[in-house]
Structures are given as structure tokens and as C-alpha cells.
Amino acid sequence: MPTYQAPIRDFQFILSELLNIYQQQDLSGFDEFDPELVDAILQGVADFTTDIMLPLNTIGDTQGCKIVDNKVITPEGFKQAYAQYVDNGWATLTCDPQYGGQGLPEVIGTFATEMKAATNMAFAMYPGLTHGAYSAIHAHGSDALKQKYLEKLVSGEWTGTMNLTESHAGTDLALLRTKAQPLDNDTFAISGEKIFISSGDHDLADNIVHLVLARLPDAPAGVKGISLFAVPKFLVNNDGSLGEANTLQATSLEHKMGINGNSTCVMLFDNAVGELIGEPHQGLRAMFTMMNQARLGVGIQGLAVSEIAYQNALEYAKERIQGRALSGAKEPDKAADSILVHGDIRRMLLSQKSFNEGTRALMAQQALWLDQAERESDPTKAKQAKALAALFTPIVKGFVTDQGFKACVDAQQVLGGHGYINEWGMEQYVRDIRISMIYEGTNGVQALDLVGRKLLGDKGETLTAWSDMVKGFIAQHHNNSQMTPYINGLMEAAGDLERATQFIAKNAATNPDIIGAASFAYMQLFGISALAWMWARMAATSLAALEQPSEEADFYQTKLKTAQFYMSYWVTQTRSLRKQIEASSEHIISFDSNDF
């Protein structure tokens, strides 16, 4: 069975040294925690995920969910583990204290999410979707709706889902047909079928609150006519107790490539009673609160599964002996050297390692921007943080899951034939993480959102603000000879990104189809550049730490070596991506349907 070691030291490095979150006293609530408290929480999550969730990962994959007597049953051990998860209070970490939450910032919660997704992605999706439903109701629901649902969602006693997709309409929500007919007492009869509903039904919690997109009778056509409704599995009485079953059910379970431990359902709503969240015809705005939360969570999945795959590939590479190093035997007392001596094995492992650690830092930065947007007292700073988080959302979802999947494939490749059979667990990681490139908006859609909406939508204003941050960092460290390899790499990536941006902006004005043709490569280029920024910052932090005697000098030296590898291996790809954008975009759009 695969093993997992939570990267606690890396968490501490990012929180305490790179982002200095314990000095963010101008952010509301940040003064209520300290390193000792945070370390205790993260270690507690590490223990739970490693001891309880990880052993269930293979069980969930092999058993899957099933429908018995019209009820979805989760794999063996899931129900007991979820009860322990709730009892331990892990569901409450980043939720509003007004509804029973602990009020921790997202920048801390993101690491808890990583550990959960790494050890059991399918199990982690149940509370993950619940947190998204909580966020949407918390941001857009009426006081009555909050009082009705939030305390139970925060505790995890009830779970939540999001119901968007219909069989004829995937990403294009303008085509959805689910209807909402007004009833008495500000309730609505919801009718329609939704597909691909993760955690749609299960036996883990007493109630499930479905967030459903539907159309009111007077709704205008298109996305401007979509409303959002809270539709519980069991109706809730005025005293908070559960009433009769609502008229909805999971009619079948999807037959999937992976995440078999999570119940992906076809949901049928047959005049089910629901309540409006937010204003009529403004459902997409409310649902985007949940979707953006989910997109960050999906990006974390890409990192998390890449991390556990890397850890097990590295362990295998150290133990597996095969062949000799080209420069001569490194372990002459053995029949062969470990495969870690071989250059291609090292290439794959270092690619994974540098991606994982750089991405972890970027995820934390993204979460900190979200915290600043919500907790910053200065409205100008809060607005900029919100804009930066919006700009980077398609990066942390699209780029990270693309590269996270490739990292898992590399980890599988390290194991050779053993990576292809299920006893070692590596093929499950490849199957599980593949969905992350598809759901919550396919990565092609994320790339189009990045260029079409986030970049061109504000005429590059937010990108310019981030670029100014990068240029300021370069200017600050440019004269430090120890920073030269990192600064040069960052400058190279930033330069290619700037030229690609100029190319798209110039040509999109006369030919908008250029946006779609160039967007995917641009997202990869942006992602590599963003990680170069994080690696340069981590290098500066490590160099500063090494100025003082430390028992952890090896930790910082390894950071520096990994940063150098990133700049020499990953950053050199930005030029080819930029040239690909410039050279191929017009050829892509020149084809018509008859040319294929």
C-alpha cells in the first residue's frame, strides 16, 4: 500500500518564512493564532489523514459506491471515518465562528485540504463540496437560510453538493432546462435531471443540501435567467429537526475511470421543494462563489495527488536496483545500483519535486489573497487582492491540474511495469487525478477564461499589477550575486509572458478567434512564470535563513538546489510556449470544419 508523509516542514516554511502570515496583524482574525497552534492543527490533520483516510483509499477504489434499496452506500469504513472526521472538528476549520466554525484563514486551510486530497481524494470530496455549499449560502443566502443550514453544514453533520450539469448541457449553462415553479411560503418546486453530481447521495450524513441551478417561469433566456436553490434531501422542520423525504433521488451512479469512493450520481428532482439563494435570475453569480471555491480545491487536488505519487515513486527509486550508473557503479556491494542513479529517473523525480513545492507556495499565496480580500480593512488593498485571486484562479485550477496529472504519469513511469498494476497504487493516482482536468470547467475553458475574461476583460490592469510586483522583486534582488540564477530565470519567464501577452492583445483586436487558439499555451506559460516567481522568492527566503547558523541548513540548501533546477528545466519551456503562441495561433484558426 502507498505511504504518505505530510510535508509539515514545507508548510511551516511557507507560512512562517515565505508569506510571514504571523505578521499579518492588519488582517482581521490573524492575531488569534500563532505558530504553535497552527502546527498542532496541521499535525492533527496529518495524523487523521495518514492513519484513517489513507488506508481507505484502496478500499474505496476497489469497492466503489453502490445503490441498495434506492440508497447509495459508500465503501467499507467510509461512514465510520466520516463520523470521526466530524467528531474531531476537521470540517469547521475555516468556517465562520458565528455558525460553529474555527475561523482559521484559507492560507492555513489550504494545507489541510492538501493532506486530505493526498491521502484519499474521493473521501475528501464529500466535505470539500460541503464547504463550497456553505460558502455560497454564507455569501448569498438570506438570514433565515443561513440559520436553517449553516450550522449543520459547518459541523459536517449535513453535507452539500452543487448541481449544474445536465445531459445536453455541460459548460454551457445557458442551455439548462431544470425548472423552478413558485409554491407557497417562498418555496419552489424544482424539477429536472442533473448528471455528474459528486457526493450526490450517500450514507455518511443525516441530510444533504443540494444547490441546484434552475429557471423560474419568467426567466429570460440564457445565463441571465438562472436562479440558485437550496434543495435538501430531507425537508427541515421549523425547529431544525428533519421532516419527510424530499421528492428527489439518485437514479444511478456513473461508471467512472477513478474516484470510485465518491458517489457520482445522476440526480432526479421531481417537484422537490427548494428555497431561493440570493436574488431571482442571479443564480450564476451565487454559484460562482461555490465554483471558485471548488476550483481552488481542484487545483489543490492536482498538487496533492502529485505529491503522494512523487513520495512513493521516490521511495521506489531508492529501493529498486537495476543497471549501473553510466559513470560507474555507485553501490558495488550490490548486484546493481538503485534506479535513482539514472538520469531519466532523476529528471522525472526532480520535475515532480520542483513542481510540487513551487505549486504549494503558489496555492498558499492564492489563499492568502482570498484572505486579504475578505479580511483586509483597507478597501483598496482588499480590492487588489480579490482581483489577483480572480486572475490566478484559472492558473491554480487549469495549469496545476494539467501538470499534476503529468507528474503522476511520470511517477507511474518511475515504477515501470509495477506502476501499471494496481498492487502498488500508482495507477489509481493516475486514474483519480485525471478528472481534475475536466470538472469545475475543463482546462481549455479555464485557459479561455484566463485570456478572454481575466486578461482582456480589464485590459490587463490586474496582470500589470502582478507584473509590477515581479519587477519590484527583481529590482530588490538584482544586485545580489547569490540571487543571479533565480533572478535570471524569473526575468526570462516574465519576458516571454509579456511578449506573449502583447501578441494576443494586438491580434485579438482584429481576430478574436486568436484568443481561443492561443489561450491553452498561454495558461501553461503563465503557470510556469508564476512558479518561477514563487521559486525566486523561496530562494531569497532560504538565502536569508542561511545567513544565520541553523541546524536546518540542509533544508534551505535543498530549496536552493531545487530552485536552480526549476529555473534550468521548467523556465526554459517558456520560450517554446511563447513561440508556439506566435507561430501556430493563426494556423489553428485557419482550418474550417471541412479541413479536419
Side-chain angles (χ1 to χ4, degrees), residues 132-133 135-137 139-142 145 161-184 186-198 200 209-231 246-248 251 265-295 390 393-394 397 438-458 508 511-513 515-516 519 589 593:
S135 298
I137 295 175
H140 302 282
S142 64
L145 213 59
T161 72
M162 56 193 302
N163 289 250
L164 291 78
T165 307
E166 300 178 6
S167 58
H168 63 283
T171 302
D172 191 355
L173 296 174
L175 301 177
L176 70 83
R177 298 170 183 163
T178 300
K179 297 180 180 179
Q181 187 68 35
L183 300 172
D184 297 331
D186 295 323
T187 59
F188 300 82
I190 311 299
S191 297
E193 184 181 75
K194 301 287 186 177
I195 65 171
F196 305 156
I197 308 306
S198 301
V209 183
H210 299 281
L211 270 58
V212 185
L213 288 180
R215 293 186 182 280
L216 291 165
D218 61 344
V223 295
K224 294 182 179 180
I226 299 174
S227 300
L228 181 64
F229 301 87
V231 187
N246 211 345
T247 52
L248 59 90
T251 57
C265 302
V266 176
M267 297 298 303
L268 179 64
F269 299 87
D270 184 11
N271 289 314
V273 177
E275 297 168 272
L276 186 66
I277 300 175
E279 299 297 320
H281 318 315
Q282 298 297 315
L284 203 56
R285 176 174 172 266
M287 182 59 84
F288 264 115
T289 297
M290 184 176 189
M291 289 172 65
N292 285 331
Q293 184 84 32
R295 284 169 178 168
T393 292
K397 194 284 181 185
I438 299 173
Y439 59 15
E440 304 310 329
T442 64
N443 286 357
V445 171
Q446 299 301 319
L448 190 61
D449 175 61
L450 172 65
V451 179
R453 295 182 60 205
K454 304 298 171 53
L455 175 61
L456 301 179
D458 69 355
N511 192 346
D513 286 334
I515 298 172
S519 59
I589 62 177
S593 58

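What you are looking at is a predicted structure, and each value in this text was computed from that prediction instead of being measured.
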*Can you find a heavy atom in the side chain of L211 that is under 4.5 Å from one in the side chain of T161?*
no
*Can you find a pair of side-chain heavy atoms, one from L145 and one from E275, that are under 4.5 Å apart?*
yes
*asked:* Just verifying a value: how many Å separate F196 CZ and C265 SG, rounded to the nearest 0.5 Å?
replied: 12.5 Å
*State whether the side chain of Q181 and the backbone N or O of P217 hold a donor-acceptor pair below 3.5 Å, judged by distance alone.*
no
*asked:* To the nearest 0.5 Å, what is the distance between CG on L216 and CG on L276?
replied: 7.0 Å
*Can you find a heavy atom in the side chain of L176 that is under 4.5 Å from one in the side chain of L213?*
yes
*Can you tell me how far OG1 of T393 sits from CD of Q446, rounded to the nearest 0.5 angstrom?*
8.5 Å
*Is a donor on one side and an acceptor on the other found under 3.5 Å between the side chain of S191 and the backbone of N271?*
yes
_side-chain hydrogen bond (donor to acceptor under 3.5 Å, both in side chains) partners of D449, counting only residues at least two apart_ = R453, K454
*Do other residues, nucleotides or ligands put more than 12 heavy atoms under 6.0 Å from D186 CG?*
no
*asked:* Between I197 and V266, is there a side-chain heavy-atom distance shorter than 4.5 Å?
replied: no
_Rounded to the nearest 0.5 Å, what separates atom CD in Q282 from atom NE2 in H140?_
10.0 Å
*Nearest 0.5 Å, what's the NE2-CG distance between H210 and L248?*
5.0 Å
_Taking G274's backbone N and O only, do any of them form a donor-acceptor pair with T187's side chain (distance below 3.5 Å, no angle check)?_
no
*For S519, all residues meeting side-chain hydrogen bond (donor to acceptor under 3.5 Å, both in side chains), sequence neighbours excluded*: none
*Find the distance between CZ (F229) and CD1 (I277) and round it off to the nearest 0.5 Å.*
9.0 Å
_By the definition side-chain contact (heavy atoms from CB on, under 4.5 Å), identify the one residue from L164, T165, N163 that meets it with I195._
T165
*Compare all side-chain heavy atoms of V212 with those of F269 and state whether any distance is below 4.5 angstrom.*
yes
*R177 and E193, any side-chain heavy atoms less than 4.5 Å apart*: no
_Quick check: closest heavy atoms across A230 and V209, and the distance to 0.1 Å?_
CB-CG1, 4.2 Å
_Could you check whether any side-chain N or O of D513 sits under 3.5 Å from a backbone N or O of I589, counting only pairs where one atom can act as donor and the other as acceptor?_
no
*Any idea which heavy atoms bring M162 and A294 closest together, and the distance?*
SD-CB, 4.4 Å
*Between the side chain of K194 and the main-chain N/O of S167, is any donor-acceptor distance below 3.5 Å?*
no
*asked:* Going by side-chain contact (heavy atoms from CB on, under 4.5 Å), I190 matches just one of V273, V231, D270. Which one?
replied: V231
*What residues form a ring pair (Phe, Tyr, Trp, His ring centres under 6.0 Å) with Y439, not counting sequence neighbours?*
none
*asked:* Between R215 (side chain only) and A180 (backbone N and O only), is there a donor and an acceptor less than 3.5 Å apart?
replied: no
*Find out whether E166 and T178 are in side-chain contact, i.e. whether some heavy atom of one side chain is under 4.5 Å from a heavy atom of the other.*
yes
